[in-house]
*Asks:* 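Before I ask anything, here is the structure I am working with.
Being a predicted model, the structure only gives us computed values, none of them experimental.
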Amino acid sequence: MRMDDKPADRQRGVSAAVRRFPQFEFAIHRLMDRSEGFQDMCEELAEAELALSRIDKVPPALREARRAEWQELVDRLVGEVGAVLHADATRKPRVIPWPPRQN
């Protein structure tokens, strides 16, 4: 269920991730620029959330099964996005001190 409007997809992905992890907003924007995999994950989260929000349009006989599937996908993607953000936060910064030390 890919959407065709890449800038809008990206913005929806950013919004979905920031809603879940507001303390990592800066990291989310940085990772969206640097990692296509992270960007895809966030866009998939936005799409899954949208599908879940529209579950009432699914025929009643299928609704609960689909709700469970979409909720499971949302939960899995939230976990994956969170894992990337937490790993990124614990990574040591690659800062080169200035001026360089003289040996």
Side-chain angles (χ1 to χ4, degrees):
M1 174 164 84
R2 300 292 303 160
M3 298 175 196
D4 293 331
D5 187 3
K6 285 312 278 179
D9 290 351
R10 185 182 192 286
Q11 184 54 47
R12 282 187 287 271
V14 167
S15 295
V18 170
R19 249 190 329 275
R20 301 290 183 146
F21 303 98
Q23 71 275 28
F24 293 111
E25 184 171 4
F26 178 75
I28 290 166
H29 284 279
R30 184 173 40 77
L31 287 166
M32 291 291 280
D33 289 338
R34 294 183 179 172
S35 171
E36 188 176 327
F38 183 78
Q39 182 175 343
D40 289 345
M41 200 182 315
C42 292
E43 290 173 6
E44 287 175 24
L45 174 59
E47 290 174 17
E49 287 178 336
L50 180 62
L52 187 59
S53 75
R54 295 178 175 171
I55 200 68
D56 291 335
K57 295 178 182 179
V58 173
L62 301 173
R63 191 171 298 150
E64 288 313 308
R66 296 298 175 262
R67 183 185 319 273
E69 289 172 5
W70 285 113
Q71 187 62 60
E72 183 180 326
L73 179 59
V74 167
D75 293 345
R76 182 179 58 78
L77 289 165
V78 167
E80 290 176 11
V81 169
V84 171
L85 291 170
H86 287 287
D88 181 70
T90 60
R91 194 173 307 138
K92 289 185 178 179
R94 295 181 186 150
V95 176
I96 299 171
W98 190 259
R101 283 191 236 164
Q102 303 278 332
N103 291 340

*Asks:* Pair Asp33, Arg30 - check salt bridge (charged side-chain N to carboxylate O under 4.0 Å, His left out), show working.
*Replies:* CA-CA 5 Å; Asp33 289 338; Arg30 184 173 40 77; over 6 Å; no

*Asks:* Do the charged groups of Arg76 and Glu72 touch, with an N to O distance under 4.0 Å?
*Replies:* no

*Asks:* So, Arg12 and Asp9, do they make that salt bridge, N to O below 4.0 Å?
*Replies:* yes

*Asks:* Where do Cys42 and Val81 land on the side-chain contact (heavy atoms from CB on, under 4.5 Å) test, with the steps shown first?
*Replies:* CA-CA 7 Å; Cys42 292; Val81 169; 4.2 Å; yes

*Asks:* Let me see the working for Glu43 and Lys6 under side-chain contact (heavy atoms from CB on, under 4.5 Å), right down to the final yes or no.
*Replies:* CA-CA 10 Å; Glu43 290 173 6; Lys6 285 312 278 179; 3.1 Å; yes

*Asks:* Salt bridge (Lys or Arg N to Asp or Glu O under 4.0 Å) with Arg63: which residues, sequence neighbours excluded?
*Replies:* none

*Asks:* Any chance you could lay out the side-chain contact (heavy atoms from CB on, under 4.5 Å) test for Leu52 and Glu49, step after step, and finish with the verdict?
*Replies:* CA-CA 5 Å; Leu52 187 59; Glu49 287 178 336; 5.6 Å; no

*Asks:* Could you pull out the closest heavy-atom pair between Leu77 and Ala48, with the gap in Å?
*Replies:* CD1-CB, 4.3 Å

*Asks:* Hey, mind stepping through Glu44 and Glu80 against side-chain contact (heavy atoms from CB on, under 4.5 Å) and telling me if it holds?
*Replies:* CA-CA 11 Å; Glu44 287 175 24; Glu80 290 176 11; over 6 Å; no

*Asks:* By ring-ring contact (aromatic ring centres under 6.0 Å, His included), which residues pair with Phe24, not counting sequence neighbours?
*Replies:* His86

*Asks:* Tell me whether Ser53 contacts the main-chain N or O of Leu50 through its side chain, where contact means a donor paired with an acceptor under 3.5 Å.
*Replies:* yes

*Asks:* Kindly indicate whether the side chain of Arg20, heavy atoms from C-beta on, has any atom under 4.5 Å from the side chain of Val74.
*Replies:* yes

*Asks:* The criterion is side chain to side chain donor-acceptor pair (under 3.5 Å); which residues satisfy it with Ser35, sequence neighbours excluded?
*Replies:* none

*Asks:* Tell me if the CD atom of Gln23 is crowded by more than 12 foreign heavy atoms within 6.0 Å.
*Replies:* yes

